[in-house]
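What follows is a single structure, written as C-alpha cells, with notes after it.
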Amino acid sequence: MVQIFHPRFGLFVKLGLLALIVLAAAALLAWRGVTAEPHGIGEAVEQPVPFSHAHHAGDLGIDCRYCHSTVETDAFAGIPPVSTCMTCHSQLYTDQAVLKPLIDSWRSGIPLHWQRVHQLPDFVYFNHSIHVAKGVGCASCHGRVDRMPLTARTQSLSMKWCLDCHRAPENFLRPRDKVFAMDWRPPDQHKLGIALVEAYHIDKRRLTDCSICHR
C-alpha cells in the first residue's frame with residue numbers, strides 16, 4: 001500500500017492550525033490596541049499640569065474658543081500654546097508649585113506634552129469645524145467639561161455611538177450660537193432639531209455613507 005502523506009503530516013496540520021490561531025489572536029489584540037481609547041469613560045487623564053475646566057470654563061466663564069482656537073475652522077480643535085496660558089499666569093499664581101511645569105516650559109521654550117483624552121483610530125476621519133457649523137454642542141461629545149476638575153471622557157465615541165447621531169441628528173442639534181453653552185437645554189429638542197436639520201441643509205441620507213467618516 002502506497003502511503004500518500006508524510007508520516008508527520010498530521011502533526012504539520014496541527015502545527016499549522018495552531019499557528020493560524022496564534023496569528024488570528026495577535027491580529028485581534030493589535031486591532032483592539034489600535035482602535036481602543038487610551039482611557040476609560042469617567043477616568044481622569046493625568047496631565048503635566050492639572051488643568052481644571054471646572055475652574056476656567058465653569059467658575060471664570062472662559063469661552064471654549066479662547067483656548068481651542070481652531071475648533072470653528074479646522075478638523076482639530078487645537079491645544080493652546082503655553083503663551084495662551086501665560087496671558088494670565090504671567091501675573092497670577094506664578095509662585096504656585098503646581099504651575100512650575102508651565103513656568104518652566106515658558107522659560108525654556110519646550111512645549112508641554114498634554115495627554116489626549118480622546119484618541120480616534122487613524123482610519124476614522126473627524127472634523128470639529130463641520131460639527132460646530134451644523135449645531136453640534138461641545139457637551140454632546142465632551143460632556144459637561146465646565147464641571148470637571150480634571151478632564152475625563154464621557155462618551156465611548158464608538159461607531160455605533162456616532163451613527164446614533166448621524167441617523168437622527170435632530171435629537172442633538174442646537175442653534176449655532178448655543179454650541180458652546182454648556183448648560184443650554186431646549187424646550188422641545190425634537191421640534192427644534194427637525195427645524196435645524198432643514199435650516200442647516202443637513203442631508204440625512206448621506207450621513208451614514210461610509211465615506212463620511214472613512215476616507
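Below, all heavy atoms of this structure are taken into account, side chains as well, without hydrogens, waters or symmetry copies.
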Check your understanding: Leu60 and Met148: same hydrophobic cluster, using ILVMFWY side-chain contacts below 4.5 Å?
Key -> no
Review point. Within the distance-only criterion (no hydrogens, no angle test), does the side chain of Ser52 pair as donor or acceptor with the backbone N or O of Leu150 below 3.5 angstrom?
Key: no
Check your understanding: Are His68 and His128 near enough that their ring centres are under 6.0 Å apart?
Key -> no
Check your understanding: Quick check: are there more than 12 heavy atoms from other residues, nucleotides or ligands sitting under 6.0 Å from CD1 of Ile110?
Key -> no
**Study point:** Distance, nearest 0.5 Å, that separates CH2 of Trp106 from SG of Cys85
**Key:** 10.0 Å
Point to revise | Exceeds 12 heavy-atom contacts within 6.0 angstrom, atom OH of Tyr93 | key: no
Practice item. Give a yes or no on whether Leu112 and Leu99 share a hydrophobic cluster (residues Ile, Leu, Val, Met, Phe, Trp, Tyr; joining criterion: side-chain heavy atoms under 4.5 Å apart). Key: yes
Review point. Hey, does the side chain of Arg174 reach the backbone of Leu196 with a donor-acceptor pair shorter than 3.5 angstrom?
Key: no
Review point. Does Met86 share a hydrophobic cluster with Val49, counting links as ILVMFWY side-chain heavy atoms below 4.5 Å and allowing steps through other members?
Key: yes
Check your understanding: In terms of the angle between their ring planes, are Phe51 and His53 parallel, tilted or perpendicular, with boundaries placed at 30° and 60°?
Key -> perpendicular
Point to revise | Note, Glu170 side chain near Ile202 side chain (heavy atom, < 4.5 Å) | key: no
Check your understanding: How about Tyr66 and His56: are their ring centroids closer than 6.0 Å?
Key -> no
Exercise for review: For the pair Thr70 (side chain) and Phe76 (backbone), establish whether a donor and an acceptor sit closer than 3.5 Å, ignoring hydrogens and angles.
Suggested key: yes
Review point. Can you tell me if NZ on Lys100 sees more than 12 non-hydrogen neighbours from other groups inside 6.0 Å?
Key: no
Exercise for review: Examine distances only and state if a side-chain atom of His113 and a backbone atom of Pro48 form a donor-acceptor pair shorter than 3.5 Å.
Suggested key: no
Review point. Have Ser211 and Asp209 got a donor and an acceptor in their side chains that come within less than 3.5 Å?
Key: no
Review point. Do side-chain atoms of Glu43 reach the backbone of Arg153 as a donor and acceptor pair under 3.5 angstrom?
Key: no
**Study point:** Test item: Val124 and Pro121 side chains (from C-beta on) under 4.5 Å apart, heavy atoms
**Key:** yes
Review point. Do side-chain atoms of Ser108 reach the backbone of Asp104 as a donor and acceptor pair under 3.5 angstrom?
Key: yes
**Study point:** Arg176 charged N/C atom sitting above Tyr200 aromatic ring, 6.0 Å / 45°
**Key:** yes
Review point. Do any N or O atoms from the side chain of Gln155 and from the backbone of Cys162 form a donor-acceptor pair under 3.5 angstrom?
Key: no
Review point. Is the shortest heavy-atom distance from the side chain of Cys64 to the side chain of Phe180 under 4.5 Å?
Key: yes
